[in-house]
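These numbers were taken from a predicted model, which means no experiment stands behind them. Chain identifiers are assigned alphabetically (A, B, ...) following the order of the sequence lines, protein sequences preceding nucleic acid strands; residue numbering begins at 1 within each chain.
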2 protein chains.
Amino acid sequence: MPKRYEQYCPMAHALDLVGDRWALLVIRELMHGAKRYTDLVDRLPGIGTNILATRLRDLEGNGIVARRVLPPPAASKVYELTDYGRGLRPAMRELALWGARSLGPPSVQEELFDGWLGNAMDTVIASLAPPGRFEFRVGNEVASLVDGEVVDGPIDDPQVVVEGDAQGIYSLFVDRCLDLVTVTGDHDLLAQLLDVAPPRIEQPVQA
Amino acid sequence: MPKRYEQYCPMAHALDLVGDRWALLVIRELMHGAKRYTDLVDRLPGIGTNILATRLRDLEGNGIVARRVLPPPAASKVYELTDYGRGLRPAMRELALWGARSLGPPSVQEELFDGWLGNAMDTVIASLAPPGRFEFRVGNEVASLVDGEVVDGPIDDPQVVVEGDAQGIYSLFVDRCLDLVTVTGDHDLLAQLLDVAPPRIEQPVQA
DNA sequence: CCGCATCCCCAAAGATACTG
DNA sequence: CAGTATCTTTGGGGATGCGG
C-alpha cells in the first residue's frame, strides 16, 4: 500500500489507513458483522477480487480487520472488524449523514444491492431515532428499526409499518411526503421519526 | 471525475464526492478559511498542480468549494468552502480523532508542514477542551487554544504555556508525560486538558 | 464453491515543464 | 500567480485460472 501523504496530521494518517478506494465500503459491510470473502464480493458490486484481497490484507496489517477461521464444520474464513476498526463508526456515520443530505432518489443505474435499505437507515436515522418499533418494506427489502437499532427483516408487533418503493421512501424522509407510501399503525410515531431526519441540502450541479 | 461506486448508499455517495485522493486534505486546508491556489500547493506537499486543479474543479462542481475573486487591489482568486462543504467538519473531526489514536510520534520523513500544530490541535482536542487560554510552542510553530478554539500564533495572557519539540508534545498528549516539555503557568488547567485527550490505541503493525 | 493470484488494459496519479 | 500540457508510473476494473 504505497500510499502515504507524508504529513504529520491525524487526518492524513487516517486517510493513509482507510482512504483507499473501496476501503470504507468494505468496512461498512463489516460493520454489520463478520463476512466471508465472497459475501463481500457480492455486496460490493464492481470491486474486483484483487482489489478486495489487497484491501483486506492492508486493513488486516493495520489492525482494522481481523481474519478468523470458523470452527468446524463450517471451516470457512471470515473477516471482522477489530475494536479499532469498530471505532470508525462515529466517523462513518457523520460522513454518511453528510452524504445523505445531497443524495437524490435512487436512479436505475444505481444498484439497489441487498441490504441497501437497512444500510441507509443505519447510517442516516438510526442514531437519531426515537424509541419505537418501525418496519419498512420496499420491494423485497424489509428492514426494521427497534429503539434506534436497525434489524434486518420484519419484526414482531411493529408500531408502524411503511410500505412503498425506493422513490416513495426517499420522498418520505426527504420531503416528508406521505403520498407515495402506505403507512399502517401509529402515524404520530412516524412523524416523530421524520422530525429528526436530517434535512436535505440543495446543491448546485456541474454543467 | 469518472469515479462512481454506483451503489445507492449515503456513504458511497459521500465518497463519490470527497473520496478521491487529496480531496479531504484540500478541504481540511479550506476549513481554516479561504486560500489561494499556491497556498494550497504549499500546504499540501506532493500534491501535483494538475491534481489540485482537478480536485478544485470537481469540488466546485459538486457544490463543496466556491471560487471567488478578491476585490481590488488584491485581485487574486481564492477558494473557500460552501455551507455544504463546511458541513463536513463533524465527519472530518471524527475521522481525525480516530486517526489520532494510532498516530505515532512524528518521524523525520513526515513533513512538519506549516501549521501542523494548530491543525492537529484543532482536530484532536479543540472540540473537547475545557475553557481556558493555552499556548503551545514547538520549534517555530506557535498555536493557541482559547476556550476550545484554535488560534494560530501566540495569545495575550495565556494561563498555560507549553514549550518543547514535536516528540515532547506527542508524549504529553498521548502518554501524559510532562518530562519532555516545559510548562509555565497553571498546571492544573493543563491536567484538565490532558484528561479529555483521546486515548491512544495499540495497533498491530504489519511485518 | 471459496479464496484468492495473475494477467491485461486502461484510467488516474505523480513529476515536471511551460504558458497566459 | 494560477493554472495547462505532457510524459511516465501506478493503481484499479475485469476476466480468467487454480489450488484447497
Side-chain angles (χ1 to χ4, degrees), chain A residues 1-7 12 15-26 29-30 34-61 65-80 109-111 113, chain B residues 1-7 12 15-26 29-30 34-62 65-80 109 111 206:
Chain A
M1 40 147 194
K3 198 206 95 174
R4 321 225 92 250
Y5 284 113
E6 308 207 344
Q7 266 197 171
L15 292 174
D16 277 338
L17 296 178
V18 297
D20 277 326
R21 191 150 154 71
W22 291 107
L24 280 177
L25 293 183
V26 171
E29 288 307 315
L30 296 179
K35 294 240 177 343
R36 289 176 309 173
Y37 188 87
T38 36
D39 294 336
L40 290 171
V41 172
D42 290 344
R43 296 179 62 100
L44 297 168
I47 191 178
T49 62
N50 51 345
I51 304 295
L52 178 57
T54 306
R55 290 294 168 272
L56 287 171
R57 213 177 312 126
D58 291 346
L59 290 171
E60 190 187 2
V65 159
R67 185 183 316 233
R68 186 161 54 92
V69 178
L70 290 183
S76 177
K77 283 172 254 181
V78 291
Y79 296 89
E80 59 190 352
Q109 300 93 303
E110 278 165 325
E111 183 139 0
F113 64 107
Chain B
M1 43 151 191
K3 198 204 95 174
R4 321 222 94 249
Y5 284 113
E6 308 209 344
Q7 267 196 171
L15 292 175
D16 276 337
L17 296 177
V18 297
D20 277 327
R21 192 153 155 71
W22 292 106
L24 279 177
L25 294 184
V26 170
E29 288 307 316
L30 296 180
K35 295 245 179 333
R36 288 176 308 173
Y37 188 87
T38 36
D39 294 336
L40 290 170
V41 172
D42 290 345
R43 297 179 61 102
L44 296 168
I47 191 179
T49 60
N50 49 348
I51 304 295
L52 178 58
T54 305
R55 289 294 168 273
L56 288 171
R57 215 176 313 141
D58 290 347
L59 290 171
E60 190 187 1
N62 288 320
V65 160
R67 186 183 312 233
R68 186 161 54 92
V69 178
L70 291 182
S76 177
K77 283 172 256 184
V78 290
Y79 295 89
E80 59 190 351
Q109 298 94 301
E111 183 139 359
Q206 194 166 29

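The distance from atom CG of L44(A) to atom C1' of dG12(D) is 15 Å, rounded to the nearest whole Å. D42(A) has its CG atom 15 Å from the C1' atom of dC4(C), to the nearest Å. Summarising the geometry, the separation between CG on L25(B) and P on dG14(C) is reported as 11 Å, rounded to the nearest angstrom. As a whole-Å value, the separation of D20(B) CG from dG11(D) P is 16 Å. In this entry the distance linking CD1 of I51(B) with P of dA15(C) reads 10 Å, nearest Å. Per the geometry, CG belonging to D58(B) stands 13 Å off C1' belonging to dA13(C), to the nearest Å. We find that CZ of R4(B) is positioned 13 Å from P of dA12(C), with the value rounded to whole Å. At whole-Å resolution of the value, CZ in R57(A) and C1' in dA5(C) are 9 Å apart.
Between the CG atom in L56(A) and the CD atom in E60(A) there is a gap of 8.5 Å [rounded to 0.5 Å]. The distance from the CG atom of N62(B) to the CZ atom of R57(B) is 12.5 Å, given to the nearest 0.5 Å.
For the pair P45(A)/E6(B), no side-chain contact is recorded, criterion being any heavy-atom separation below 4.5 Å from C-beta on. Annotation: side chain of L30(A) is in contact with side chain of L40(A) (closest heavy-atom distance under 4.5 Å).
Here the closest heavy-atom approach between residue Q7(B) and residue R43(A) is recorded as OE1-O, 2.9 Å. Here the shortest heavy-atom pairing between L24(B) and V18(B) reads CG-O, 3.6 Å. Shortest non-hydrogen contact noted between L17(B) and L59(B) is O-CD2, 3.9 Å.
For the helix from dC1(C)-dG20(D) to dG20(C)-dC1(D), the rotation axes defined at the first and last 5 base pairs enclose an angle of 30°, given to the nearest 10°.
At dA13(C), one or more side-chain N or O atoms of R55(B) fall inside 4.0 Å of OP1 or OP2 (strictly under the cut-off).
Looking at residues two or more places apart in sequence or on another chain, you find a side-chain contact (heavy atoms from CB on, under 4.5 Å) between I51(A) and W22(A), I47(A), R55(A). The side-chain hydrogen bond (donor to acceptor under 3.5 Å, both in side chains) test applied to R68(A) returns E80(A), not counting sequence neighbours. Applying the side-chain contact (heavy atoms from CB on, under 4.5 Å) rule to D39(A) yields the partners K35(A), R36(A); only residues at least two apart in sequence or on another chain are considered.
Within the 4.0 angstrom heavy-atom criterion, only backbone atoms of the sugar-phosphate kind lie near I47(A); the bases stay farther away.
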Name the pairs: protein N/O against N/O of nucleotides 15-20 of chain D, kept only if under 3.5 Å.
none

Please list each protein N or O that sits under 3.5 Å from an N or O in nucleotides 1-3 of chain C, with the distance.
residue: dG3(C); atom: OP1; partner: S76(A); partner atom: OG; Å: 3.0
residue: dG3(C); atom: OP1; partner: K77(A); partner atom: O; Å: 3.2
residue: dG3(C); atom: OP2; partner: Y37(A); partner atom: N; Å: 3.3
residue: dG3(C); atom: OP2; partner: T38(A); partner atom: N; Å: 3.1
residue: dG3(C); atom: OP2; partner: T38(A); partner atom: OG1; Å: 3.0

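Side chain of Y37(A) to backbone of T49(A): a donor-acceptor contact under 3.5 angstrom is found.
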